[in-house]
Amino acid sequence: MKRFMMLFAVACVVLSVVSNRAYAELDTQTTQEVHKAVDEYLALKQKTPGQNLDSFLGTVKGGRITIGGELEYEFVDAQNDAAETEPHFQLDKFVLHPKVYLSDDIYLDAQLYFKPHGKTYLNEFHLVFDNLPFCNAYLDIGQYERQIKTHANRTTEDYPLIGTAFYRDDEYAISLGGGSSRMYWSLLVGDGLELGGKQVAEDASYKIIHDNRKEEDFTGLSEFNANIGYRHDYGKVGKVDLLLYYVYKELSDNDIEFLMDLPDYNGGHNEDNGYRYGFGVDYQIAGLRLYGQYIAAKDGTLERHGWYVQPSYKFKVPNVKYFSSHELLVRYGELDVDIDNTLDNPYTWDRQKITIALITDIYKNIKLKVERYINQEDTGDDEDVDNDEFMAQLEVKF
């Protein structure tokens, strides 16, 4: 019995020593794994400062996904000559915005639009390869807008006249871009947009010529887009951002058919291409911002050009939970069509438009936009068109 007790005691001592070593090794391994996971998390968080990494969900293939979105609900009141004469509420859109990180430098994002009366579609998507090993470059493959739209940094619900005319919609495209701290650039090839019609505000009456999203399937690369920009923060003097922009496009059969329907259009068989060029200038100092843009365009023999200026001022109310900031904005723009104005064809009219807006942050990611649109047209006749509009919109982002 004593011999058994001695052997048992020796075994316990041996097991204790072995187990302590095992636990020590396991504890060291676990600690290293935890430290490694924390280091990876902190590195990723530093690399993507705009993302809340704690909100990421995992995918079955090991990616990271976030879901954002937007809802716009609005009240619209248009004057008597407009198509919708009665003041009314409407759901403008509900958007889901998933974004998937396949790696630190490769991500996929999309915009799913849900509109009233069953209109649901993929508005935009990107597959981006970021931080390529030269010139801080990126490669963007998908369906998206011309860069001049992004540069405009539109804060109103309303688009300027030349925005509706030349860059409001998206196209299938591949772009390569990059830059340094001050200079940036991009080159794009895509299937382009085709000529169509679009209203100048919320009401659907009196449309202008518009670079429209193609409804048919991919028909080939028909557009080349080049952009070069300069931006710099001069401190107390303010921030400056200048973008020069050029588009070359080949006209489709639908484009030529659209042009031939315009009165007095003198197109020839050799006029099967077009262009857009222009610039945008953005200047900011404190809460004051001044933006301006000019675009000239040609399709076949039809020439158009337009411009707008947009001063705005944003002031913040400190130490309040609600109604924390207010932005007052005024925009004046013109769009001229180089063809005789004809009363019964709004596409031929020269336009002027004034937008007056007050944009209020009710709460974080909840805005109230109150906007007034004063539309003026040169119709080729003494008859005036009454189509001014008022809009108040609640915008919720999440």
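These numbers come from the heavy atoms of this one structure, side chains and all, not from hydrogens, waters or symmetry mates.
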Item to check | Interatomic spacing from NE2 in His210 to CG in Leu193 - rounded to 0.5 Å | outcome: 7.5 Å
Item to check | Residues which pass ring pair (Phe, Tyr, Trp, His ring centres under 6.0 Å) with Phe94, listed by chain and number, not counting sequence neighbours | outcome: none
Checklist entry - Just by distance, with hydrogens left out, do Asp264 and Asn266 show a side-chain donor and acceptor under 3.5 Å apart? => result no
Checklist entry - Aromatic rings Phe315 and Tyr313: how do their planes relate, parallel, tilted or perpendicular, breaks at 30° and 60°? => result parallel
Item to check | Ionic contact status for Asp361 with Lys316, cut-off 4.0 Å | outcome: no
Checklist entry - Salt bridge between Lys369 and Glu395, side-chain N to carboxylate O under 4.0 Å? => result yes
Next on the checklist: Quick one, Tyr275 with Tyr277, criterion ring pair (Phe, Tyr, Trp, His ring centres under 6.0 Å). Give me CA distance, side-chain angles, the key distance, then yes/no.
Outcome noted: CA-CA 7 Å; Tyr275 61 74; Tyr277 68 84; 5.8 Å; yes
Checklist entry - Do we see a donor-acceptor contact under 3.5 Å between the side chains of Gln90 and His88? => result yes
Checklist entry - Can we say Asp338 and Lys298 salt-bridge, meaning some charged N sits less than 4.0 Å from an Asp/Glu carboxylate O? => result no
Item to check | For Val247, the rest of its hydrophobic cluster, which grows through side-chain links under 4.5 angstrom | outcome: Ile148, Leu161, Ile162, Phe166, Tyr167, Tyr184, Val200, Ile208, Leu243, Tyr245, Tyr291, Ile295, Tyr308, Leu335
Checklist entry - Considering residues at least two apart in sequence or located in another chain, which fulfil the ring pair (Phe, Tyr, Trp, His ring centres under 6.0 Å) criterion with Phe125? => result none
Next on the checklist: If only side-chain N and O atoms count, and only distance matters, is there a donor-acceptor pair under 3.5 Å linking Asp378 with Gln352?
Outcome noted: yes
Checklist entry - Does Glu145 offer a backbone N or O that forms a donor-acceptor pair with the side chain of Glu171 under 3.5 Å? => result no
Next on the checklist: Please verify the inter-ring angle class for Tyr73 with Phe89; under 30° counts as parallel, over 60° as perpendicular, anything in between as tilted.
Outcome noted: parallel
Checklist entry - So, Glu124 and Gln143: side-chain donor and acceptor under 3.5 Å apart, yes or no? => result no
Item to check | Tyr138 side, atom OH; Leu132 side, atom CG - distance, nearest 0.5 Å | outcome: 10.5 Å
Item to check | Side-chain heavy atoms of Leu288 within contact of Gln284, under 4.5 Å | outcome: no
Checklist entry - Hey, are the side chains of Asp109 and His97 touching, using non-hydrogen atoms and a 4.5 Å cut-off? => result yes
Checklist entry - Can you pull the ring pair (Phe, Tyr, Trp, His ring centres under 6.0 Å) pairs that have at least one residue in residues 376-398, sequence neighbours excluded? => result none
Checklist entry - Tyr347 versus Lys207: any side-chain heavy-atom pair under 4.5 Å? => result yes
Item to check | Members besides Val317 in its Ile/Leu/Val/Met/Phe/Trp/Tyr cluster (side-chain heavy atoms under 4.5 Å) | outcome: Val320
Item to check | Modelled atom types, side-chain donor and acceptor of Glu371 and Thr355, under 3.5 Å | outcome: no
Checklist entry - Taking atom types as modelled and ignoring hydrogens, do the side chains of Asn387 and Glu377 form a donor-acceptor contact shorter than 3.5 angstrom? => result yes
Checklist outcome for this item: Separation between CD1 (Ile339) and CG (Leu259), nearest 0.5 Å, reads 8.5 Å
Item to check | Asp191 backbone acceptor or donor facing Lys214 side chain under 3.5 Å | outcome: yes
Checklist entry - Which distance, rounded to the nearest 0.5 Å, do you find between the CG of Leu368 and the CD1 of Ile362? => result 4.5 Å
Checklist entry - Atom CD of Glu383 and atom OG1 of Thr379: how far apart are they, to the nearest 0.5 Å? => result 7.0 Å
Next on the checklist: Taking transitive links into account, so neighbours of neighbours count too, which hydrophobic residues share a cluster with Val95 at under 4.5 Å side-chain distance?
Outcome noted: Tyr113, Tyr121
Next on the checklist: Are Phe134 and Asn136 packed together at the side-chain level, in the sense that at least one heavy-atom pair is separated by less than 4.5 angstrom?
Outcome noted: no
Checklist entry - Which ring pair (Phe, Tyr, Trp, His ring centres under 6.0 Å) pairs, counting each pair once, include a residue from residues 349-369, with sequence neighbours left out? => result Tyr206-Trp349, Tyr322-Tyr363
Checklist entry - Can you tell me how far the CG atom of Leu251 sits from the NZ atom of Lys249, to the nearest 0.5 Å? => result 5.5 Å
Item to check | Qualifying residues under ring pair (Phe, Tyr, Trp, His ring centres under 6.0 Å), relative to Tyr107, sequence neighbours excluded | outcome: Tyr101
Checklist entry - Going by atom types only, do Thr360 and His326 share a side-chain donor-acceptor pair under 3.5 Å? => result yes
Checklist entry - Does some side-chain heavy atom of Phe279 sit less than 4.5 Å from a side-chain heavy atom of His151? => result no
Next on the checklist: Applying side chain to side chain contact (heavy atoms under 4.5 Å, CB included), can you list everything that pairs with Val330, at least two apart in sequence or on another chain?
Outcome noted: none
Checklist entry - Restricting to pairs with a member in residues 152-169, which pass salt bridge (charged side-chain N to carboxylate O under 4.0 Å, His left out), not counting sequence neighbours? => result Asp158-Arg331, Asp158-Lys353
Item to check | Verdict with reasoning, Asp344 to Thr342, per side chain to side chain donor-acceptor pair (under 3.5 Å) | outcome: CA-CA 6 Å; Asp344 60 357; Thr342 304; 5.1 Å; no
Item to check | Electrostatic pair Glu72-Lys93, nearest N-O below 4.0 angstrom | outcome: yes
Next on the checklist: Is it the case that the side chains of Asn254 and Ser252 hold a donor-acceptor pair, with the cut-off being a distance below 3.5 Å and no angle test?
Outcome noted: no
Item to check | Any donor-acceptor pair under 3.5 Å from Thr348 side chain to Asn345 backbone | outcome: yes
Checklist entry - Can a donor-acceptor pair be found between the side chains of Gln147 and Ser186 at a distance below 3.5 Å? => result yes
Item to check | Residues forming a ring pair (Phe, Tyr, Trp, His ring centres under 6.0 Å) with Tyr144, sequence neighbours excluded | outcome: His126
Checklist entry - Which residue pairs pass the salt bridge (charged side-chain N to carboxylate O under 4.0 Å, His left out) test when at least one of the two sits in residues 277-291, sequence neighbours left out? => result Asp282-Arg289
